[in-house]
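Below is one structure, written out as C-alpha cells; comments come after it.
Convention: sequence-line order gives letters A, B, ...; per-chain numbering from 1. What you see below is based on every heavy atom in this structure, not just the backbone, and it leaves out hydrogens, waters and symmetry mates.
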2 protein chains.
Amino acid sequence: MVTDSNLISEVSGTGFIPHLALDFVIIGFHEQELKILILEYENTSLFALPGGFIRMDEDLEEAARRVLGERTGLTDLFLQQFHTFGSLERSDPESMKAILEGKGFAAGEHHWLLQRFVTVGYYALVDFTKVSPQPDLIADRCGWHDYGRLPQLMQDHTRILQFAMQHLRTNLDQELLGFSLLGEAFTMQTLQNLYETILGEKLNRSSFQRRMLQLGLLERLEKSYTGKAHKAPYLYRFKKLGIAPASF
Amino acid sequence: MVTDSNLISEVSGTGFIPHLALDFVIIGFHEQELKILILEYENTSLFALPGGFIRMDEDLEEAARRVLGERTGLTDLFLQQFHTFGSLERSDPESMKAILEGKGFAAGEHHWLLQRFVTVGYYALVDFTKVSPQPDLIADRCGWHDYGRLPQLMQDHTRILQFAMQHLRTNLDQELLGFSLLGEAFTMQTLQNLYETILGEKLNRSSFQRRMLQLGLLERLEKSYTGKAHKAPYLYRFKKLGIAPASF
DNA sequence: TATTATTGTCGCACTATGCAACAATAATAA
DNA sequence: TTATTATTGTTGCATAGTGCGACAATAATA
C-alpha cells in the first residue's frame, strides 16, 4: 500500500512526529531456530531492525501496528512495547546519509532522517509461515535471519534486540497466550524446543510437560503420527480463553 | 538552578525535542503510607505528575535524571523507565492553555506545549525525608500526597501512575537493592509494611522474615530499643554489593 | 517478680520442580 | 507374528520454597 503521499512523507518527514521513531524486533520460529526480521540496505551493506514513524494524528500503538503490518503483511499480532531508547550515540548520520543517497534521495545536511532520534522498542511474536516480509521505502531487502547468526546491525540495534530478548525471556510464561510463534497445533516437544531456544538452556522434559499442563492453557487434540518408530505424541493448542473459566 | 535561559527555553520549547516529554512517578514512604510527588496548578486547581522535556543534545536517561533532580533536589536516585505513552487522547490543550495563561505566559493557539506529546514514564524510589520538592516553572506547588488519597490528575496521569505501580509490584524483589524508600536502617516490620503497602495485601510475618533473610541482601545491625514493653527488633540495612560475593 | 506485647526462630503441611524410572506405543526388523 | 527400538505420557521420590501456627526470648511496665 505504498502511495505517492506515503513516499513523500516518509522521505521528507512531513506529517510525522520529528525525532521520534519506532523499532521492531519481529520474532519467528522455524526448524528449531529463532528468526529475526532484518532490513538490508544494499549499497552500504548495512543491516537494521525494521522501524517506522508516528503520524502526527496517530496513536503510538496504532502507529506500531501499522508499521508492523507494513513489514509483515499481518495484523492482529502479539505486540509488546519493552523500552524506549534515547542515547545520543544512537544516531549515525553518516550511514543514514549513505543509505539515502544510495536510493537516490537528496540527503542534505539537515534532512530529517539525519537528526537525532529517540525510538520506542516493540517486539512481536509471529507465525513464521504466515509472514511475507516487505522492505520499507529505503531498504532493499527484508528477510529472516537466524537469531544465532545475525549480521552486525547499525546504530544501537543490537542492543535493542538484546533488550527485547531479555524482556521476552523474563515474561515468557505470562506471554504464553500471545504465542503466535507456533502454528495452530504443536507437540509438547516443539513447545519445549521453543522455550529452550528463547531461554538459551535445556529444560527437563517431564517437569516441562507437567508445568505446561498445570497452567491449564493447553488443549489436547488428536495424536500426531509422524511415521517414526515410536509412540506418537499428542498435538496441543492454546485454549481460547474468552471469559474467566467457570469454577464448576 | 533556574536561569533565565532555562525559563525561556522551558516556556518557548527552544532546544527541546518537540512532542516528546518525560513524566515521573516519584514514590516515597512515610508513616506507613506510600507518598507520591504531585504538582499543583493554582489557578486551575489541576494536579499533575512532575514532568519535563529532553534537550536536543541530551541523552534520554540524562534528561530524566536532570528533571528528577530539579523536582526533588536529589541525584543518584533509583530511577526506572517503565512505559511510553502515546495515545492521542493524552493531550488536553484547554487545560494546558488555562495553566499557562494563569501564570502570565502568552499561550497562542500554536504554543508548543499545546501540541500533541508522547511521554516516557519513569518512576523513582526516594527517601521521603531527604526530598525537598520543587515546583517547575509553570506549577504553583509541588508536594507529597498519600497514594490512597490522590486528587484527580490531569490528562492520563492516573493511568501512568497505575502503570508505574503495577510495574513496581511485579518487580519488587528485583528492585529491592534500589530501595531508597527506607532510611539507612530499618526494622523487619517496617520493610514488611512497605511491601504490604506496595503490594496491597497482608503478608505472613515469619515467612516474610525468612524470605528476606534468605535473599542475603540484608545486613543485621544493632537492636533498636523503642521504649515499648516488648522484645526490641534488630535494625537491618541493605548490603553494599560492590562485586559478586565470593563463593568461599 | 509477674505481666504484656513483640520479636526471632522452628516445625509441619503443602506446593513446585529436578531427576529418574516405567509402562505404553508406533513403526521396523526378524 | 513377535521382538526391537525410540519416544511419549506419567508417576515416584528428593529437595527447595512458602503459608501458618507455636514457642521461647526479651524490653518495658505493673
Side-chain angles (χ1 to χ4, degrees), chain A residues 31-32 169-177 182-183 185-239 245 247, chain B residues 31-32 169-177 182-183 185-239 245 247:
Chain A
E31 291 174 353
Q32 318 292 25
R169 276 193 287 272
T170 55
N171 295 296
L172 200 47
D173 282 346
Q174 291 84 318
E175 294 175 1
L176 241 195
L177 280 180
L182 302 168
F186 46 86
T187 65
M188 196 57 80
Q189 198 191 34
T190 304
L191 184 60
Q192 185 174 345
N193 278 329
L194 174 56
Y195 258 74
E196 290 176 342
T197 306
I198 292 174
L199 296 175
E201 58 179 340
K202 285 284 165 197
L203 302 175
N204 180 277
R205 186 178 62 89
S206 57
S207 303
F208 180 79
Q209 173 139 251
R210 186 172 43 197
R211 189 159 68 87
M212 286 300 120
L213 293 180
Q214 274 179 359
L215 288 176
L217 301 177
L218 293 181
E219 208 168 351
R220 182 175 281 182
L221 308 174
E222 75 280 11
K223 288 190 174 185
S224 158
Y225 296 86
T226 54
K228 301 287 180 58
H230 54 74
K231 188 169 176 178
Y234 288 104
L235 290 174
Y236 297 87
R237 70 171 169 217
F238 293 109
K239 286 184 188 168
S247 54
Chain B
E31 291 175 352
Q32 318 293 25
R169 275 193 287 269
T170 55
N171 296 296
L172 199 47
D173 282 346
Q174 290 85 316
E175 293 174 3
L176 240 195
L177 279 179
L182 302 168
F186 45 86
T187 65
M188 195 57 78
Q189 198 190 36
T190 305
L191 183 60
Q192 184 175 346
N193 278 329
L194 174 55
Y195 257 74
E196 289 176 343
T197 307
I198 291 175
L199 296 176
E201 58 179 341
K202 285 284 167 198
L203 300 175
N204 180 276
R205 186 180 62 88
S206 54
S207 303
F208 180 79
Q209 172 138 258
R210 186 172 42 194
R211 188 159 70 88
M212 286 298 121
L213 293 179
Q214 275 179 357
L215 288 176
L217 302 176
L218 294 181
E219 209 169 349
R220 183 175 280 183
L221 307 173
E222 74 279 13
K223 289 191 174 185
S224 159
Y225 296 85
T226 54
K228 302 288 179 58
H230 53 74
K231 189 170 177 179
Y234 288 104
L235 289 175
Y236 296 88
R237 73 172 167 215
F238 293 109
K239 286 182 188 169
S247 54

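Look at NZ on B/Lys228: it is 12 Å from P on C/dA5, rounded to the nearest Å. Atom CE in B/Met212 sits about 12 Å away from atom C1' in D/dT18, given to the nearest Å. Here C/dC10 presents its P atom at 11 Å from CG of B/Leu213, a figure rounded to the nearest Å. Between the CG atom of B/Asn204 and the P atom of C/dT9 there is a distance of 15 Å, given to the nearest Å. Remark: C1' of D/dT10 and CZ of A/Arg211 are 18 Å apart, rounded to the nearest angstrom. C/dT17 atom C1' lies 14 Å from atom CD of A/Gln192, rounded to whole Å. Atom NZ in A/Lys223 sits about 12 Å away from atom P in D/dT8, given to the nearest Å. Put simply, CD on B/Glu196 is 14 Å from C1' on D/dG19, counting in whole angstrom units.
Here A/Arg210 lies in heavy-atom contact (under 4.0 Å) with a base. Residue A/Gln189 is classed as a sugar-phosphate contact, given heavy-atom separations below 4.0 Å to backbone atoms only. As judged by a 4.0 angstrom heavy-atom cut-off over every strand, B/Ser206 is placed among the base-contacting residues.
The B/Lys231 side chain lies nearest to D/dA25 when the options are C/dT28, D/dG19, D/dA25. With D/dG9, C/dT4, C/dG8 as the candidates, the nucleotide lying closest to the side chain of A/Arg205 is D/dG9. Listed candidates were C/dA26, D/dC20, D/dA22. Nearest to the side chain of A/Tyr225 is C/dA26. Among C/dG8, D/dT8, C/dG18, the nucleotide with an atom closest to any side-chain atom of B/Tyr236 is C/dG8. The listed nucleotides are C/dG8, C/dC19, D/dA27; the one nearest the side chain of A/Ser207 is C/dC19. With C/dG8, D/dA27, C/dA26 as the candidates, the nucleotide lying closest to the side chain of B/His230 is D/dA27. Residue A/Tyr234 has its side chain nearest to D/dG9 when only D/dG9, D/dT5, D/dT26 are considered. Comparing D/dA27, D/dG9, C/dG8 by their nearest atom to the side chain of B/Arg220 picks out C/dG8.
A salt bridge between A/Glu219 and A/Lys239 is absent, with no side-chain N of the basic residue lying under 4.0 Å from a carboxylate O of the acidic one.
Nearest-nucleotide positions on DNA chain C place A/Phe208 closer to the 5' end than the other of A/Phe208 and A/Ala232. Between A/Ala229 and A/Gln214, the residue whose closest nucleotide on DNA chain C is further toward the 5' end is A/Gln214.
Here D/dA30 sits opposite C/dT1 as a Watson-Crick or G-U wobble pair (both hydrogen-bonding atom distances under 3.5 Å). In this structure, D/dA14 and C/dT17 make a Watson-Crick or G-U wobble pair, each of the two defining distances being under 3.5 angstrom. With a cut-off of 3.5 Å on both pairing distances, the Watson-Crick or G-U wobble partner of D/dT5 is C/dA26.
Around atom NZ of A/Lys228, no more than 12 heavy atoms belonging to other residues, nucleotides or ligands sit under 6.0 Å away.
Side-chain contact between B/Phe238 and B/Leu218 is present, with heavy atoms from C-beta onward closer than 4.5 Å. A heavy-atom distance below 4.5 Å is not found between the side chains of A/Tyr236 and A/Thr190. Between B/Tyr234 and B/Met188 there is no side-chain heavy-atom pair separated by less than 4.5 Å.
Annotation: side chain to side chain donor-acceptor pair (under 3.5 Å) contacts of A/Gln192 (sequence neighbours excluded): A/Glu196.
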